[in-house]
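Structure, as structure tokens:
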Amino acid sequence: MLLLSIDWIFIIEKVALILVIILASFGIAAYATWGERKVAAIMQDRIGPARAGIFGLLQPLADGGKLFFKEEIVPDRSTKTLFILGPALFMITALMTSAVIPWGPDFTISTDSGIRTVSLQVADINIGILYIFGVVSLGIYGVMLGGWSSNNKFSLLSAIRAASQSISYELAMGLSLIAVLMLTGSLSLRDIVSQQHGFWQDGYFSWNFFKQPVAFLVFLVCTFAELNRAPFDMPECESELNMGYHQEYSSMKLGLYLFAEYINMFISSAVLSTVFFGGYNFPWMDQVASAVPSGLFSLICVSVLMIKVIGFILFFMFIRWTLPRFRYDQLLNLGWKGLIPLALLNLVITGGVILFFFNK
Amino acid sequence: MHLHEILFWFLSFMAIVCALGVILSRNPVKSVLFLIATFFSISGHYVLMNAQFLAVVNIIVYAGAIMVLFLFVIMLMNLNADAEPQKSRLVQMAAVLSGGALFLVIIAALRTVDLNNKAMITSEGDLGLIHNLGMVLFKEYVLPFELSSVLFLAAMVGAMVIGKKEEVIQNP
Amino acid sequence: MQLTKRAVNVDRSPMTLGEKIYLPAIAKGLKITMGHIFKKKATVSYPEQTRPFSPVFRGLHVLNRDEQGREKCTACGLCALACPAEAITMEAAERKKGEEHLYREEKYAARYEINMLRCIFCGYCEEACPKDAVYLSETIMPSNYSRDYFIYKKEDLLITEEQMKKRAATGKG
């Protein structure tokens, strides 16, 4: 009875979607490593990886293969279970966030039993943004456990830095998003995207970026800090902490750490484009929607979102190879004395404007 | 058995095992990790009751922030199983007494529970959804809500005053 | 004190508001890095492309021969004497009857070794040689795992047919 009551096609559909998203995350993360090296090279007047395949396109495979065949070393005095759990947790949390992101609009398939609507979102929960916050705040455990269990003072210091940095910037991140949520009135990412329909609505831009530029700025800076990316890559700053929390890691465990960072970058870019840059919406989408079948339209929307995501990834890379690393006290000062007051001010102004001008 | 019930028993089992792990493991870091797992299973219960907001807030606030700070302190102080001091007999007795008293209170509370009120323990209830919760918090309980926020603010300011470096007063 | 004209004194004055919000500086930095996208790349893809050697480049030693293919070296030992690193060892021998096509003079080097791990490629041996017998070519010394490899024997040093041709054509090599 239990098995019969389950909608099997629905489950297969979701499993397929999850598989596609995870594989796409892996693919994009792999090519993000390639892109990072190319971008770095281009900015430093070099040509970057060029030997493996044309333009070095097979470089991620070579890197991955190398990591797989390296020797697995578990330090003698480490806490072994936690040492292995660390990178696994980091990877799992990196992949979990993608569940609530709407990758495209629904499309319909006509089957024998009627018309079936397929959603391009794994789970439309009504607190999508909070879910992302929850998972992101858990991501720090991977770093902390890895750093602590390797029984190395550099790793420990780095893990502690990562934790305090992440907690400090989560606050500003949340506060900046509340201003956006006041406008949308919903925590569901699907609602947030559908409210940014098209590009121009009621005489103003419909994307949240144009309504909340300050919130976007604060959120963007916090994203850099949450991703542990330059200029906020305190946890792995080579000049002070050698390699940071993954100092003792080797082989694919190190690979998981490095790889999860790029997956995090991909997901963060997706969240940024979903919340502030209209997700899969693009100008004149209604005209396009009426001209092409729904399946093709979904595909176009997904590629629009991907273009935005890749744009953000490139932006992250440009910033990384432009700015020097912040000092640790500068980092915390910026977070606590700069971004949080700014986000609060933005919150108050947004609340006032909504109260006095848009109070229906 | 219904899927709902299977999940309920699984999560309850996990919560109890992990809670036992918190008090039984010698290593403080493992204790904290068990506590995090306990929070997760409790969040699972919230989801079963269709209180997604509570579930996620539980994870963000407790598992994501407070436990990170716990772990932070334990790592900084480098506590481990060897460093745990041997408690005296008196302290152990006091611990058993206070723990037992709490246990009695919980049992007393459980005896009066009305198990027929199914609205809360099935997925049909929508009490925990963010919309209803917001309505209740900001209409019926707005005064206690604001008062508690003022209390937190006071605690925060107090912590800052305590934590601030003392200015060295130069003698003239 | 200024050592060079380019020395800049560090400005320790407190940051202005424009500097505190970092954004103008970030935009400036991004402009610089973006500009580098369109600059000429400095990379030389080595095995396919090579950089030209400097005209005074000093690489591996070569023992020269004359036009009839006879070894020029007479084992006088001046190169070993001039060598500041004491990398050159040689043993002289007397030319026998019937060996006139091999060696130009009556005395020749039976053994001639250069320890390339000691050699500093200063080129003094080339300067010291009265017979123009040893010179430094444009070949970069290859690396190897064993130390024995780096003690170059006479057979390794003697000029090859290819090098002879290149030298005849370009006057270098």
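Proteins come first, then strands; the chains are lettered A, B, ... in the order of their sequence lines, and each starts at number 1. Basis for what follows: all heavy atoms, side chains included, without hydrogens, waters or symmetry-related copies.
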Applying a strict 4.5 Å limit to non-hydrogen atoms, the region of A/Leu82 in contact with chain B is side chain
Rounded to the nearest 0.5 angstrom, the CG-CG distance for A/Leu145 and B/Leu71 is 6.0 Å
>> Counting only heavy atoms not in B/Phe70 (residues, nucleotides, ligands), do more than 12 fall under 6.0 Å from its CZ?
In response: no
Other residues, nucleotides, ligands: >12 heavy atoms within 6.0 Å of A/Tyr257 OH = yes
On a heavy-atom basis, the closest approach of B/Val56 and A/Tyr131 is CG1-N, 3.8 Å
Residues 164-172 of chain A vs chain B, non-hydrogen distance cutoff under 4.5 Å, contacting residues -> A/Ser164, A/Ile167
*Validation row: A/Phe133, B/Val57 side chains within 4.5 angstrom (heavy atoms)*: no
Nearest heavy-atom contact between A/Ser137 and B/Ile60 is OG-CA, 4.2 Å
Applying a strict 4.5 Å limit to non-hydrogen atoms, the region of B/Ala65 in contact with chain A is backbone
What one should report as the nearest heavy-atom pair of B/Met67 and A/Tyr141 is CB-OH, 3.0 Å
Please evaluate residues A/Leu138 and B/Phe40 with respect to the criterion side-chain contact (heavy atoms from CB on, under 4.5 Å), reporting the C-alpha separation (whole Å), side-chain torsions for both, the decisive distance (0.1 Å), and the verdict. CA-CA 11 Å; A/Leu138 292 177; B/Phe40 263 93; 3.0 Å; yes
Okay, A/Ile140 and chain B: the region with an atom under 4.5 Å from a heavy atom over there is side chain
(message) With a 6.0 Å cut-off (strictly less than), is the heavy-atom count around CG of A/Asp329, excluding the residue itself, greater than 12?
(response) yes
Those residues at least two apart in sequence (or on a different chain) that pass side chain to side chain donor-acceptor pair (under 3.5 Å) with A/Thr223 are none
